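One structure is given below, encoded as structure tokens.
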Amino acid sequence: MTSITDSFKELTILQPDDWHIHLRDDKALATTVPHAAGSFNRVICMPNLVPPVKTADDARAYRERILQYLQASNLSAERQAAFDPRMTLYLTDHTTAQDIEAAAKSGIVQAVKLYPAGATTNSADGVTDINACADVFEAMEKYNLPLLLHGEVTHDHVDIFDREKRFLDDVLVQIITNFPTLQIVMEHITTRDAADFVLAQGNQIAATITPQHLMFNRNHLLLGGIKPHFYCLPILKRATHQKALLEVATSGSPKFFLGTDSAPHTTDKKEAACGCAGCYSSATALPLYATAFDSVGKIDKLEGFTSRFGAQFYGLPVNENTVTLINIPMQVPVNYPYFDGSTLTPLMAGEMLPWSIKG
Ligand code: NCD
Ligand code: ZN
């Protein structure tokens, strides 16, 4: 129901969902939950906590903690009622088909996340041998639980800029061949190769795209000094890849939808000799995506990407409430207070965005 008034000055869209977010745990939730719930109805919560969310019981307990922080927040009753955190299981070498069955029957687990061991933040307990996952993938097919992939190989000898492409060729092809009805989301894609790959598959394969991969490339990360707040995994690629991602995101293809991958790390852990991977974008994600779409004259395609295609992929109804974006500039906060006196520095901290959320 995109309605554009005043010659593109205001844009009302169905309330978006975030199909890939890191809320973290405990005191971090006091910041991350209100930020997410301010903009999104449904969010798929990544399970890479310490320790990870490995069972339906872990997922239930995590969801409860999230809801406690929601209730303690200053959000309106309306936003609190609309927020619906959906859980994922973290696949390990020890996950069983029974774990999958219990997750599917729990009613609160939306998907299963596969991190190749060592690929990213808190992935040490991830999968070391994909070939050992056959029973688990079979159970996921049987119970219609989608597989969410951190799609990068982890071998030391593979260049960091090639790791996504190698995953497509060496791992994903094999999973799709062996499990042809398994629903799969390639999370946070970063390359033309991944976009083309997803386009070439059936409707069971989709992808999420982050704001940073639509708006930035590796020059922003590395030129004129290392900018740790642009460092995330998979790492930003060349401008040609950024362009390809913008093309598919704004194409109206239902295979590509919103997943911020908003991944909070304290400012001091980002601005360090060995800085953490992850961009924090949750609170300003809608203006960021609107800016990206508008940059290529495709703001009219925003609603499909933010509010329709993800729900469609997961077999859920679209939201009924709406949000209005307005092209009145906003400044991204320089930082947010986080737990125990720390701060969070968001993506594009201190910079101006041409779009903001109305009201
Ligand atoms: C994420 C995190 O910090 O949890 N980091 C990131 O760079 N994206 C993990 C992930 O999604 O890879
Ligand atoms: Zn992530």
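None of these values were measured; they are calculated from a predicted model.
- In this structure, Ile44 shares a hydrophobic cluster with Trp19, Met46, Tyr90, Tyr115, Leu148, Val185, Phe257, Phe309, Phe313, Tyr314, Leu316, the cluster being traced through Ile, Leu, Val, Met, Phe, Trp and Tyr side chains under 4.5 angstrom apart.
- At distances below 3.5 Å, not a single donor-acceptor pair connects side-chain atoms of Gln331 with backbone N or O atoms of Glu351.
- The salt bridge (charged side-chain N to carboxylate O under 4.0 Å, His left out) search around Asp196 returns none, not counting sequence neighbours.
- Asn48 contributes a side-chain N or O that, together with a main-chain N or O of Thr121, makes up a donor-acceptor pair within less than 3.5 Å.
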Is there a side chain to side chain contact (heavy atoms under 4.5 Å, CB included) between Thr306 and Ile13 once you walk through the steps? CA-CA 9 Å; Thr306 60; Ile13 57 172; 3.6 Å; yes
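- Listed for the Lys27 side chain is no donor-acceptor partner under 3.5 Å among the backbone atoms of Phe339.
- Annotation for Asp159: atom CG counts as buried by contact number, over 12 foreign heavy atoms lying within 6.0 Å.
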Can Thr12 and Thr324 be said to form a side-chain hydrogen bond (donor to acceptor under 3.5 Å, both in side chains), step by step? CA-CA 4 Å; Thr12 297; Thr324 298; 2.8 Å; yes
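- Partners of Asp169 by salt bridge (charged side-chain N to carboxylate O under 4.0 Å, His left out), not counting sequence neighbours, listed by chain and number: Lys165.
- A search for salt bridge (charged side-chain N to carboxylate O under 4.0 Å, His left out) contacts involving Asp17 returns Arg42, not counting sequence neighbours.
- A distance of 8.5 Å separates CH2 of Trp355 from NZ of Lys9, quoted to the nearest 0.5 Å.
- A donor-acceptor contact shorter than 3.5 Å is absent between the side chain of Thr92 and the backbone of Asp125.
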Run the side chain to side chain contact (heavy atoms under 4.5 Å, CB included) check on Arg65 and Leu29 step by step: do they pass? CA-CA 8 Å; Arg65 295 195 293 279; Leu29 298 173; 4.1 Å; yes
In sequence, state the C-alpha distance, the side-chain angles, and the governing distance for Lys237 and Thr190, and then conclude on side-chain hydrogen bond (donor to acceptor under 3.5 Å, both in side chains). CA-CA 7 Å; Lys237 306 297 193 299; Thr190 64; 2.8 Å; yes
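- Between the side chains of Asp99 and Thr96, a donor-acceptor pair is found at a separation under 3.5 Å.
- Here the two rings, on His188 and His213, have centers that are 6.0 Å apart or farther.
- Formation of a donor-acceptor pair under 3.5 Å by the Thr95 side chain with backbone atoms of Leu91 is not found in this model.
- Under the 4.5 Å side-chain contact rule for hydrophobic residues, Ile108 and Leu67 share a cluster.
- Two rings, from Tyr280 and His265, have their centers 6.0 Å or more apart.
- A side-chain donor-acceptor contact under 3.5 Å links Arg163 to the backbone of His155.
- Closest of all the heavy-atom pairs between Thr88 and Cys45 is OG1-O, 2.6 Å.
- Side-chain rings of Tyr289 and Phe305 approach one another, their centers coming within less than 6.0 Å.
- One finds a salt bridge joining Asp170 and Arg166 here, because a Lys/Arg side-chain nitrogen approaches an Asp/Glu carboxylate oxygen to under 4.0 Å.
- The backbone N or O of Ser356 sits nowhere less than 3.5 Å from a side-chain atom of Lys358 that would complete a donor-acceptor pair.
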Evaluate side-chain hydrogen bond (donor to acceptor under 3.5 Å, both in side chains) for Thr343 paired with Thr267, printing each intermediate quantity in order. CA-CA 6 Å; Thr343 62; Thr267 302; 2.7 Å; yes
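- In terms of the salt bridge (charged side-chain N to carboxylate O under 4.0 Å, His left out) criterion, residue partners of Arg63 (sequence neighbours excluded) are, by chain and number, Asp84.
- Within the 4.5 Å cutoff, the side chain of Ile100 has heavy atoms near those of the Leu145 side chain.
- Between His220 and Phe216, the ring planes lie perpendicular to each other; the angle is over 60°, past the 30° to 60° tilted range.
- Met348 places none of its side-chain heavy atoms less than 4.5 Å from the side chain of His229.
- Not one N or O on the side chain of Glu164 forms a donor-acceptor pair closer than 3.5 Å with the backbone of Ala194.
- Residues Glu64 and Arg60 are not paired through a salt bridge, judged by the lack of any N-O separation under 4.0 Å between the basic side chain and the carboxylate.
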Do Asn131 and Gln174 pass the side-chain hydrogen bond (donor to acceptor under 3.5 Å, both in side chains) test, and can you show the C-alpha distance, the side-chain angles, and the key distance before you say yes or no? CA-CA 9 Å; Asn131 296 311; Gln174 195 191 322; 2.7 Å; yes
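- A side-chain N or O of Gln242 and one of Asn217 form a donor-acceptor pair less than 3.5 Å apart.
- Minimum interatomic distance between Ser39 and Ser282 (heavy atoms only, all atoms of both residues): OG-O, 4.4 Å.
- Counting heavy atoms from C-beta on, the side chains of Ser253 and Val248 never come closer than 4.5 Å.
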Test Tyr69 against Thr32 for side chain to side chain contact (heavy atoms under 4.5 Å, CB included), laying out the working first. CA-CA 9 Å; Tyr69 280 91; Thr32 60; over 6 Å; no
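- Panel note: side chain Arg24, backbone Pro264; a donor-acceptor pair is recorded below 3.5 Å.
- Linking Ile, Leu, Val, Met, Phe, Trp and Tyr residues whenever their side-chain heavy atoms come within less than 4.5 Å places Ile21 and Leu286 in a single cluster.
- In summary, Glu247 and Lys243 engage in a salt bridge, as defined by a charged side-chain N under 4.0 Å from a carboxylate O.
- The cluster map of Ile, Leu, Val, Met, Phe, Trp and Tyr, joined by side-chain heavy atoms under 4.5 Å apart, puts Met330 and Met352 in different clusters.
- Side-chain N or O atoms of Asp93 include one that pairs as donor or acceptor with a backbone N or O of Thr128 at under 3.5 Å.
- For the residue pair Asn41 / Arg79, a side-chain donor-acceptor distance below 3.5 Å is found, with atom types taken as modelled.
- Under a hydrophobic clustering in which Ile, Leu, Val, Met, Phe, Trp and Tyr are joined whenever their side-chain heavy atoms come within less than 4.5 Å, directly or via other members, Val173 and Val198 fall into the same cluster.
- Here salt bridge (charged side-chain N to carboxylate O under 4.0 Å, His left out) pairs that include residues 251-268, with residues two or more places apart or in two chains, number zero.
- Looking at Ser307 and Val318, their side chains never come closer than 4.5 Å, going by heavy atoms from C-beta outward.
- A continuous path of Ile, Leu, Val, Met, Phe, Trp and Tyr side chains, each step under 4.5 Å between heavy atoms, connects Val112 with Leu182, placing both in one hydrophobic cluster.
- No side-chain heavy atom of Val334 sits under 4.5 Å from any side-chain heavy atom of Thr345.
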